[in-house]
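Here is the structure we will look at.
The figures here come from the full heavy-atom set of this structure, side chains too, leaving out hydrogens, waters and symmetry mates.
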Amino acid sequence: MSGKTYVLSDIHGHFQLFKKMLKKINFSENDQLYILGDICDRGPESLDIYFYISHFDNITLLKGNHEYMMQEALKLAIENNDFDFPSCQFNLWEQNGGDTTIKNIRDYLHKKCLSHLDYTIVRNVFLRQIYDYIKSLPLLLQIRVNHKDYVLVHAGVDPEKGLNEQEEETILWIRDYFYLSPCDLNKTYIFGHTPVCFINRNQSYDIWFDDEYHNKIGIDGGLACGQLGQLNCLCLDTMESYVIKKKGNEV
């Protein structure tokens with residue numbers, strides 16, 4: 001039995017909203033879900049999302065800029081045997097919402113309940129596991145649904161380069177230069193990273209469809225934008241969109 005293909009992005013630690021979305025779309029083992037990065041930071045339950053999706057073979061996570069910041073901070077933490085190693089990478093991660101994920105990790109490892117030696121041993125094994133997972137995440141995927149070619153990416157691509165020539169920094173951080181450019185008109189690009197309230201003319205958090213080149217779809221519902229925002233999900237088989245609002249009002 002063939003299922004449906006869904007995409008969403010930028011959950012940012014809002015595990016309860018994510019679970020509500022899976023229930024709303026009736027996600028099953030026959031379906032495929034692609035998450036376009038940034039499951040972590042800002043929200044309260046980043047680690048719970050990581051544990052949850054790791055049990056599903058039909059959920060694919062792409063790397064976002066927040067995963068990358070976490071990756072680089074953990075790399076130095078492992079190398080220096082110090083989770084709080086005062087690096088620029090750790091500070092960048094912490095200052096961009098990583099403080100909530102750091103707390104998740106400490107709480108999970110029961111820092112206050114273990115001896116320093118035991119905590120260090122458990123911590124290092126766990127941090128290596130998380131680091132290896134993030135390091136292995138794909139940056140970009142091409143899929144085909146209903147005879148239509150899609151490019152899935154966190155932030156976007158350099159419109160002047162082919163897909164096999166893209167640089168990691170561009171894929172994780174680019175904004176308007178990407179979504180205001182035509183890119184390859186034979187493909188449809190689905191991306192997160194930039195909250196759609198900054199792209200939509202009416203400043204809404206609903207999914208943005210490129211009305212000029214008709215080949216880009218922005219789905220970041222702005223869960224990182226304070227008390228507002230929503231989690232957006234798009235079904236590529238039907239092009240139906242689903243919404244779970246941050247304040248609990250479902251659409």
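Counting heavy atoms from C-beta on, the side chains of Val151 and Thr188 never come closer than 4.5 Å. Between Lys135 and Leu137 the shortest side-chain heavy-atom distance does not fall below 4.5 Å. You'll find the side chain of His66 reaches within 4.5 Å of the side chain of His12, heavy atoms only.
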Walk me through it: do Thr101 and Asp41 pass the test side chain to side chain donor-acceptor pair (under 3.5 Å)?
CA-CA 5 Å; Thr101 308; Asp41 301 346; 2.6 Å; yes
Take Gln166 and Asn164 through the test side chain to side chain donor-acceptor pair (under 3.5 Å) and record every step on the way to the result.
CA-CA 6 Å; Gln166 299 294 322; Asn164 61 348; over 6 Å; no
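Under the 6.0 Å cut-off for aromatic ring centres, Phe191 and Phe178 qualify, their centroids lying closer than that. When ring centroids are compared, Tyr6 and Tyr34 stay outside the 6.0 Å threshold. The aromatic ring centres of Tyr189 and Tyr150 sit 6.0 Å or more apart.
For the residue pair Gln32 and Lys4, no side-chain donor N or O sits within less than 3.5 Å of a side-chain acceptor on the partner. At a cut-off of 3.5 Å, with distance as the only test, a side-chain donor of Asn81 or Asn124 sits close to an acceptor on the other residue.
Using a cutoff of 4.0 Å between basic side-chain nitrogens and carboxylate oxygens, Arg144 and Asp149 are scored as salt-bridged. A salt bridge is defined here as a Lys NZ or Arg NE, NH1 or NH2 lying under 4.0 Å from an Asp or Glu carboxylate O, and Arg42 with Asp99 fails to meet this definition. A salt bridge links Arg128 and Asp132; the closest N-O separation between the charged side-chain nitrogens and carboxylate oxygens is under 4.0 Å.
Within 6.0 Å of NZ in Lys75 there are 12 or fewer heavy atoms belonging to other residues, nucleotides or ligands.
Summarising the geometry, atom CD1 belonging to Ile171 is positioned 5.0 Å from atom CG belonging to Leu139; distances are rounded to the nearest 0.5 Å. With rounding to the nearest 0.5 angstrom, the CG atom of Leu223 is 12.0 Å from the CZ atom of Phe18.
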